[in-house]
Amino acid sequence: MQYRELKAFPADFLWGASSSAYQVEGAWNEDGKGPSVIDALGYYPPGTSDYTVASDHYHRFAEDVALFAELGLKAYRFSIAWTRIIPDGDGEVNPAGVAFYHRLIDALVAAGITPIATMYHFDLPAALDAKGGWQNRECVDAFAKFAEVIFGEYGDKVKHWLTINEQNMMVLYGEAIGTVKPGQPKSALYQANHHMMLAQAKANLLCHELVPDGLIGPAPNIALCYPETCHPLDVLAADDFNAIRNWLYLDMAVEGRYNSVAWAYLEETGAAPQIAQGDLELLASVRPDFIAFNYYATHTVARPRSDGQDVATGGDQQIAVGEKGIYAGASNPFLPHTEFGWEIDPIGFRNTFRALWDRYHLPLLVTENGLGAFDKLEDGQVHDSYRIDYLRDHIAQIQLAVSDGVDVMGYCPWSAIDLVSTHQGVSKRYGFIYVRRDEFDLLDLARFKKDSFHWYAKVIATSGADL
Ligand code: BG6
């Protein structure tokens with residue numbers, strides 16, 4: 001639908017930007033921090049760096065927050081490294097790690113920037129992983145303990161909480177991201193998933209108990225799945241993949257029940273988790289205050305191929321490879337691609353908003369969206385017009401979604417500042433702020449404002465009126 005006049009963005013819209021601890025902080029073993037699964041990985045895709053220094057935000061956060069303030073951010077979404085707070089995941093609290101996030105949060109609040117904290121963004125403590133990670137039910141209580149500590153420490157200053165970043169991507173593409181060891185059987189992945197659901201539910205309850213006025217929501221990666229054609233079997237395959245990729249996670253987080261199509265798929269493929277007594281009651285007893293979601297692009301899928309060749313190689317968060325006999329990954333001929341092969345679909349953003357709103361009727365907060373590119377620093381400048389185009393097109397679709405009647409709380413694109421991507425190194429940049437380092441040469445880690453920084457500052461200042 002076209003509108004003659006669009007609705008304005010809400011006055012309290014959270015114009016923000018995002019990051020995650022392990023991708024931006026560095027200082028991987030400083031001040032008592034324990035190793036996470038990412039630190040313990042020991043292998044990185046060829047040509048990509050590790051996360052030991054990242055963007056050195058741990059030491060330069062004050063400079064970075066000053067830049068965020070200059071950008072005009074109303075909100076900053078960051079994650080708290082579990083291993084800084086409780087280095088081995090479920091033992092002693094590390095005061096130096098706790099103090100770091102107090103310093104960061106205080107700096108944000110002093111700058112008038114609303115802190116939005118993700119509790120866990122891919123960096124499970126390695127000590128917990130050694131005990132089976134999320135496949136071990138003990139991880140649920142470890143997370144609840146961590147939740148109690150951080151709600152107690154920061155709950156008077158942080159009112160917006162996100163439980164688990166992209167739980168769905170950790171289940172579907174954990175090997176690519178580095179959160180899951182290669183070769184795990186699907187049953188183990190979905191047992192881990194069930195435990196994460198329980199952990200999320202416990203965190204939800206604790207937030208409402210311990211944080212006055214606290215708001216909490218899940219943060220999956222949600223991308224509507226399109227059928228490759230209008231053949232009824234392609235439509236069915238897209239419906240299946242929507243259930244497996246998207247609704248499994250949100251039906252549980254919001255309505256406390258397993259999505260029936262997803263559950264049928266789990267049973268059919270021998271991956272249904274063991275459910276202990278009381279689990280379903282716990283899951284059904286919580287309701288989040290909002291839904292946060294990361295959106296990069298839609299997916300297109302097709303019915304299983306008659307030759308059985310459903311599965312391509314090289315899948316990741318945005319490249320659906322297919323699953324034999326269930327669906328086949330397809331590409332959308334109407335969409336352009338980024339330099340890294342991810343499709344670009346701003347209209348799909350609006351489609352995704354509408355689907356989420358129609359299904360759940362909860363306020364929606366965008367916690368990631370952005371363009372990874374090989375930026376070039378020349379004479380202290382980065383002319384990233386391609387990123388401006390991407391963001392402009394997506395923000396325009398948010399305004400259309402708002403005009404459609406969707407309740408959108410805010411927009412936190414990825415990323416506030418350059419950081420290390422999940423599996424494609426430092427050279428895949430997303431930030432409004434350039435960090436001068438190469439893949440393996442740290443150079444001086446100096447910060448530079450990209451053209452997109454100046455553009456986004458204007459967007460925020462005009463509350464989206466001047467795109
Ligand atoms: C999301 C993650 O999957 O996408 C981020 O939550 C990640 O951590 C972002 O960085 C972009 O993906 P990538 O693989 O390009 O870093």
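Remember, it's 1-based here, ligands and their atoms both numbered in the order they're listed.
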* Taking atom OH of Tyr327 and atom CG of Asp239, what is their separation to the nearest 0.5 Å? -> 14.0 Å
* Write out the residue and atom name of the closest protein heavy atom to atom 16 (O) of ligand 1, then the distance separating them to 0.1 Å. => Thr422 N, 2.7 Å
* To do: Could you walk me through whether Tyr76 and Ser19 pass side chain to side chain donor-acceptor pair (under 3.5 Å), step by step?
  => CA-CA 8 Å; Tyr76 174 55; Ser19 72; 2.6 Å; yes
* Do Ile344 and Leu371 pass the side-chain contact (heavy atoms from CB on, under 4.5 Å) test, and can you show the C-alpha distance, the side-chain angles, and the key distance before you say yes or no? -> CA-CA 9 Å; Ile344 301 177; Leu371 180 76; 4.2 Å; yes
* Distance from atom 2 (C) of ligand 1 to nearest protein heavy atom, with residue and atom -> Glu368 OE1, 3.3 Å
* **Side chain, backbone, both or neither: the part of Asp316 lying under 4.0 Å from ligand 1 by heavy atom** => neither
* Asked: Considering only heavy atoms of Asn165, which atoms of ligand 1 have at least one such atom less than 4.0 Å away?
  -> 6 (O)
* Below 4.0 angstrom from a heavy atom of His423, which ligand 1 atoms are there? Numbered from 1 as shown, please. => 14 (O)
* **ligand 1 N/O within reach of Tyr430 N/O, cut-off under 3.5 Å** => yes
* Any chance the rings of Phe353 and Phe293 have centres within less than 6.0 Å? -> yes
* To do: For Asn294, counting its heavy atoms only, list the atoms of ligand 1 lying under 4.0 Å from any of them.
  => 6 (O)
* Test item, Trp342 contacting ligand 1 (heavy atom, 4.0 angstrom) -> yes
* Structure fact -> The atoms of ligand 1 lying under 4.0 Å from a heavy atom of Gln23, numbered in the order shown, are 5 (C), 7 (C), 8 (O), 10 (O)
* Measure from the ring center of Tyr390 to the ring center of His394 and say whether it is less than 6.0 Å. => yes
* Give the residue and atom name of whichever protein heavy atom lies nearest to atom 3 (O) of ligand 1, and the separation in Å to one decimal. => Glu166 OE1, 2.5 Å
* Among Arg447, Arg429, Arg437, Arg436, find the residue that satisfies the side-chain hydrogen bond (donor to acceptor under 3.5 Å, both in side chains) test when tested with Asp418. => Arg429
* Asked: Does the ring center of Phe241 lie less than 6.0 Å from the ring center of Tyr226?
  -> no
* Asked: For ligand 1, which part of Tyr22 has a heavy atom less than 4.0 Å away: the side chain, the backbone, both, or neither?
  -> neither
* Asked: Are the side chain of Asn168 and the backbone of Asn246 linked by a donor-acceptor contact shorter than 3.5 Å?
  -> no
* His121, any N or O under 3.5 Å of ligand 1 N or O -> yes
* **Proximal atoms of ligand 1 relative to Ser421 (non-hydrogen, under 4.0 Å)** => 13 (P), 15 (O), 16 (O)
* Phe61 six-ring centre to Arg103 NZ/CZ under 6.0 Å and within 45° of normal -> no
